[in-house]
Amino acid sequence: MTLKECYAALGGDYDEVMGRLRSERLVQKFVLKFLNDGSYQLLLDSLAAGDREEAFRAAHTIKGVCANLAFNDLLASSEQLTEALRDGKPAQPGEEALLARVKADYDCAYQAISAFQEGVGG
């Protein structure tokens, strides 16, 4: 799998990230680092513990990483969840659906990047 195919599989915009970072080697470096980022697990753990402030920070971090790397599907879902968690808002109807969408988009991105990593021998 090429990096461009990885982006297609995870719902990202390869041309956008290349326009921003201008080096496939640099994009690859940051894409592969995504696999070891702990923000997603922190989001899940914080929500399970009822710590909405920490969950907000984790969702906001995911959103920022996705914006920088043009992971557009995960960016959109994490942005919606971030806003639902902003300012310590209490849980709202539909929040579970937002979290389910983040989980699905995260899983898609993780699987695509893992497949790409296997192809590059990393």
Side-chain angles (χ1 to χ4, degrees):
M1 171 183 286
T2 67
L3 185 57
K4 191 170 189 171
E5 291 168 336
C6 176
Y7 263 80
L10 64 80
D13 189 330
Y14 175 82
D15 293 332
E16 180 183 336
V17 75
M18 286 301 296
R20 182 176 301 119
L21 298 181
R22 305 218 178 266
S23 163
E24 188 163 299
R25 176 179 255 174
L26 189 59
V27 173
Q28 177 178 319
K29 174 185 172 183
F30 288 115
V31 165
L32 292 175
K33 283 183 178 248
F34 180 84
L35 296 175
N36 297 315
D37 182 88
S39 299
Y40 177 70
Q41 190 60 52
L42 179 61
L43 171 66
L44 298 179
D45 293 346
S46 299
L47 286 172
D51 187 345
R52 295 179 64 78
E53 186 175 320
E54 190 66 25
F56 166 79
R57 281 195 285 276
H60 193 271
T61 299
I62 293 166
K63 180 184 87 163
V65 168
C66 292
N68 288 330
L69 293 175
F71 291 178
N72 293 346
D73 287 355
L74 184 53
L75 170 61
S77 59
S78 63
E79 184 171 39
Q80 290 177 339
L81 184 60
T82 298
E83 292 310 311
L85 295 167
R86 187 176 295 282
D87 298 326
K89 294 177 189 170
Q92 300 292 312
E95 193 173 294
E96 287 297 321
L98 291 177
L99 181 58
R101 183 66 198 169
V102 168
K103 286 179 178 181
D105 291 341
Y106 181 87
D107 288 344
C108 180
Y110 195 92
Q111 289 172 12
I113 295 166
S114 294
F116 170 71
Q117 183 181 40
E118 287 178 23
V120 295

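The model shown is predicted, which means the values in this text are computed figures rather than measured ones. Numbers here simply count residues along the sequence, with the first being 1.
In this structure, L44 and L99 have side chains that are in contact, with non-hydrogen atoms separated by less than 4.5 Å. At least one side-chain heavy atom of H60 sits less than 4.5 Å from a side-chain heavy atom of R86. No side-chain heavy atom of F30 sits less than 4.5 Å from a side-chain heavy atom of V65. Using a 4.5 Å heavy-atom threshold, the side chains of V120 and L3 count as separate.
Of all heavy-atom pairs spanning M1 and A115, the tightest one is CE-CB, 4.2 Å. Between A70 and E16, the shortest heavy-atom distance links the atoms CB-CD, 3.8 Å. Smallest separation of non-hydrogen atoms from S39 and A58: O-CB, 3.5 Å. Between D51 and E54 the shortest heavy-atom distance is OD1-N, 3.0 Å. Across all their heavy atoms, A9 and A112 have their closest contact at CB-CB, 3.8 Å.
Going from atom CG of N68 over to atom NZ of K63 covers 11.0 Å, rounded to the nearest 0.5 Å. Rounded to the nearest 0.5 Å, atoms CG (L75) and CD (Q80) are 10.0 Å apart. The NZ atom of K33 sits 11.5 Å away from atom CG of L69, with the distance rounded to the nearest 0.5 Å. Between L26 atom CG and M18 atom CE the span is 9.0 Å, to the nearest 0.5 Å. Rounding to the nearest 0.5 Å places CD of E83 at 7.0 Å from CZ of F56. Taking CZ of R101 as the start and OG of S78 as the end, the distance is 11.5 Å to the nearest 0.5 Å.
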**Prompt:** When you look at T61 and L42, which way does the side-chain contact (heavy atoms from CB on, under 4.5 Å) test go after all the steps?
**Reply:** CA-CA 10 Å; T61 299; L42 179 61; over 6 Å; no
**Request:** Given side-chain contact (heavy atoms from CB on, under 4.5 Å), test E24 with K4 step by step and report yes or no.
**Result:** CA-CA 9 Å; E24 188 163 299; K4 191 170 189 171; 6.0 Å; no
**Request:** Evaluate the side-chain contact (heavy atoms from CB on, under 4.5 Å) criterion for residues Y7 and D13: first the C-alpha distance (whole Å), next the side-chain angles of each, then the deciding distance (0.1 Å), finally the verdict.
**Result:** CA-CA 6 Å; Y7 263 80; D13 189 330; 5.5 Å; no
**side-chain contact (heavy atoms from CB on, under 4.5 Å) between L10 and L74, intermediate numbers included** = CA-CA 8 Å; L10 64 80; L74 184 53; over 6 Å; no
**Item:** Residue pair F71, F34: steps toward the ring pair (Phe, Tyr, Trp, His ring centres under 6.0 Å) verdict
**Value:** CA-CA 11 Å; F71 291 178; F34 180 84; 5.3 Å; yes
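Side-chain atoms of Q92 come within 3.5 Å of backbone atoms of P90 as a donor-acceptor pair (strictly under, hydrogens ignored). In this structure, S46 contributes its side chain and L43 its backbone to no donor-acceptor pair below 3.5 Å.
Of the options N72, T82, D105, a side-chain hydrogen bond (donor to acceptor under 3.5 Å, both in side chains) to S77 is made by D105 and by none of the others.
The pair D107-K103 fails the salt-bridge criterion, with no side-chain N (NZ, NE, NH1 or NH2) lying under 4.0 Å from an Asp/Glu carboxylate O.
Heavy atoms of other residues, nucleotides or ligands lying less than 6.0 angstrom from CD of E96 number 12 at most.
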